[in-house]
Amino acid sequence: MDKQYDAMFAGVIGQDYEMLKLISPLAPEMSRLVGEAVKHYCCGKSYDTVQVLELGGGTGITTLSILSAADNVNVLSVDSEPTMQNQAKSHLREWAKQGRLEFSPEDALTALKRLDNNSFDLMASAYTLHNSDQAYRQQVIDEIFRVLKPGGRFINGDRYALDDISAHTALIQREVAGYFDVLTQHQRVDLLEQWVIHILSDESENHVMRESVALNQLAAAGFDDIELSHRMEVNALLTANKNGDHWVRN
């Protein structure tokens, strides 16, 4: 991980960022990659502002990565969990004061349905879609496509399960063992319980986001140039475009 980036996030997000690095060291790296993908999209764009909708802003770790990508990025961060969003509001209050950051307390699907067709340049998220069941996820993807402008892009750093189930299971076993190692050393059995329960939900049949299924789902919604990259164990960065010939009219 980039040391300058790491220092910046530790300074702004503080304890939340440090604990995340301990529990799930690949998660902050995926947030960094989401920011890099936003930066890459913004390069060469002549827009006065790039409007970004972030789904599942949490405590603000990925939000900060997105905001840091370019000076002309404005973010609407959506999260229905008030405890986490209140932390993000505290961490990122300077960006909100500058008018570059707004918050929505709604869940992803409700927030998306309120938005106009073809109204955002980018949709960006990290570790949000895998938390929903597959029926809800399909609706969210369809709404993301509708709300993106032609030429817009969907960027998602998330848990994309391997199609090879045996190999995927081995990675999950190693991940859970890591939870035990780290959290018992820090005497955080309370967090250990929460993370084990959470990963059992992630891996349940109606939640798991299998790679091939996820990519086919995006293609069926109308996305083009779908790419899964930077795979690190069960984590990967997805990008998909709504090309200019896909226009959703009001």
Legend entry - Verdict with supporting geometry, L101 and N74, side-chain contact (heavy atoms from CB on, under 4.5 Å): CA-CA 6 Å; L101 174 62; N74 287 355; over 6 Å; no
Inset, instruction - Decide yes or no on side chain to side chain donor-acceptor pair (under 3.5 Å) for S212 and D163, but give the supporting numbers first. - result: CA-CA 7 Å; S212 59; D163 290 328; 2.9 Å; yes
Inset, instruction - Start with the C-alpha distance between V38 and L122, add both sets of side-chain angles, then the distance that settles side-chain contact (heavy atoms from CB on, under 4.5 Å), and finish with yes or no. - result: CA-CA 8 Å; V38 172; L122 286 175; 3.8 Å; yes
Legend entry - CA sep, side-chain torsions, deciding dist, call: L67, R100, side-chain contact (heavy atoms from CB on, under 4.5 Å): CA-CA 8 Å; L67 287 164; R100 293 185 57 200; 4.1 Å; yes
Inset, instruction - Start with the C-alpha gap between V73 and T49, add the side-chain angles, then the distance that decides, and say whether side-chain contact (heavy atoms from CB on, under 4.5 Å) holds. - result: CA-CA 6 Å; V73 165; T49 59; over 6 Å; no
Inset, instruction - Please test D142 against Q138 for side chain to side chain donor-acceptor pair (under 3.5 Å), starting from the C-alpha separation and ending with a verdict. - result: CA-CA 6 Å; D142 290 340; Q138 178 67 68; 3.2 Å; yes
Inset, instruction - Report the C-alpha distance between K89 and E102 in whole Å, list the side-chain angles of each, state the deciding distance to 0.1 Å, and finish with yes or no for salt bridge (Lys or Arg N to Asp or Glu O under 4.0 Å). - result: CA-CA 9 Å; K89 288 179 178 179; E102 296 181 8; over 6 Å; no
Inset, instruction - Applying side chain to side chain donor-acceptor pair (under 3.5 Å), run through N131 and H198 and close with a yes or a no. - result: CA-CA 9 Å; N131 288 311; H198 185 81; 3.1 Å; yes
Inset, instruction - List the steps, then state whether side chain to side chain donor-acceptor pair (under 3.5 Å) holds for D224 with N243. - result: CA-CA 7 Å; D224 297 304; N243 286 333; 3.2 Å; yes
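With hydrogens and angles ignored, the 3.5 Å screen pairs a side-chain donor or acceptor of Q134 with a backbone N or O of E205. Between the side chain of D79 and the backbone N or O of G58 there is at least one donor-acceptor pair closer than 3.5 Å. No donor-acceptor pair closer than 3.5 Å links the side chain of R174 to the backbone N or O of T169. Remark: side-chain polar atoms of E81 are paired, donor with acceptor, to backbone N or O of T83 under 3.5 angstrom. The main-chain N or O of I155 is never found under 3.5 Å from a side-chain atom of T239 such that the two would form a donor-acceptor pair. Between the side chain of T110 and the main chain of D107, no donor-acceptor pair closer than 3.5 Å is present. For Y179 (side chain) and E193 (main-chain N/O), no donor-acceptor pair under 3.5 Å exists by modelled atom type. With N117 contributing its side chain and V147 its backbone, the two residues share no donor-acceptor pair below 3.5 Å. Of the possible polar contacts, none joining the T59 side chain to the A88 backbone as a donor-acceptor pair under 3.5 Å is found. Remark: side-chain polar atoms of R137 are paired, donor with acceptor, to backbone N or O of S132 under 3.5 angstrom.
The nearest pair of heavy atoms linking V34 to G157 is CG2-N, 3.6 Å. Summarising the geometry of L162 relative to H168, their closest heavy-atom pair is N-ND1, 3.3 Å, with the distance given to 0.1 Å. Smallest separation of non-hydrogen atoms from S204 and S201: OG-O, 2.7 Å. Here the closest non-hydrogen pair linking D164 and A167 is OD1-N, 3.1 Å. For S31 against T62, the heavy-atom pair with the smallest separation is OG-OG1, 2.7 Å. Scanning both residues, A111 and L115, for their nearest heavy atoms gives O-CG, 3.4 Å.
Note on V234 and V196: same hydrophobic cluster, where clusters join Ile, Leu, Val, Met, Phe, Trp and Tyr whose side-chain heavy atoms are under 4.5 Å apart, directly or indirectly. Cluster membership check: V176 does not share its hydrophobic cluster with V189, using side-chain heavy-atom separations under 4.5 Å among Ile, Leu, Val, Met, Phe, Trp and Tyr. L200 and L171 end up in the same hydrophobic cluster when Ile, Leu, Val, Met, Phe, Trp and Tyr side chains are linked at under 4.5 Å.
Defined by atom type and a distance below 3.5 Å, a donor-acceptor pair is present between the side-chain atoms of S125 and N156.
Summarising the geometry, atom SG belonging to C42 is positioned 8.0 Å from atom CG belonging to D121; distances are rounded to the nearest 0.5 Å. Atom CG of residue L92 and atom NZ of residue K97 lie 12.5 Å apart, to the nearest 0.5 angstrom. Between S68 atom OG and K39 atom NZ the span is 10.0 Å, to the nearest 0.5 Å. One distance of note links CG of N86 with CE of M84; it measures 11.5 Å at 0.5 Å rounding. Atoms CD1 and CG, from I141 and L129 in turn, are 6.0 Å apart once rounded to the nearest 0.5 Å. Once rounded to the nearest 0.5 Å, the distance linking CG of D158 with NE2 of H130 reads 6.0 Å.
Using a 4.5 Å heavy-atom cutoff, the side chains of H230 and N235 are not in contact. Counting only heavy atoms from C-beta outward, the side chains of D202 and V208 never approach each other to under 4.5 Å. Residues D48 and N72 are not in side-chain contact: their nearest non-hydrogen atoms beyond the backbone lie 4.5 Å or more apart. A heavy-atom distance below 4.5 Å is not found between the side chains of Q139 and I144. Between L112 and M123 there is a side-chain heavy-atom pair separated by less than 4.5 Å. Between I66 and E54 there is a side-chain heavy-atom pair separated by less than 4.5 Å. Looking at heavy atoms from C-beta onward, L109 lies in side-chain contact with Y136 at the 4.5 angstrom threshold. The side-chain heavy atoms of V52 and L76, taken from C-beta on, include no pair separated by under 4.5 Å.
Counting non-hydrogen atoms of other residues, nucleotides and ligands closer than 6.0 Å to CG of D181 gives a total above 12.
A salt bridge links R159 with E203: the closest approach of a Lys/Arg side-chain nitrogen to an acidic carboxylate oxygen falls below 4.0 angstrom. Salt-bridge check for K113 with E106: failed, with every basic side-chain N at 4.0 Å or more from each acidic carboxylate O.
Residues satisfying the side chain to side chain contact (heavy atoms under 4.5 Å, CB included) test with D190, not counting sequence neighbours, are R188.
With a 6.0 Å cutoff to the six-membered ring centre and a 45° limit on the axis angle, K149 does not count as a cation-pi contact of F120.
In this pair, F154 and F223 present their aromatic rings tilted. The plane angle is within the 30 to 60° band.
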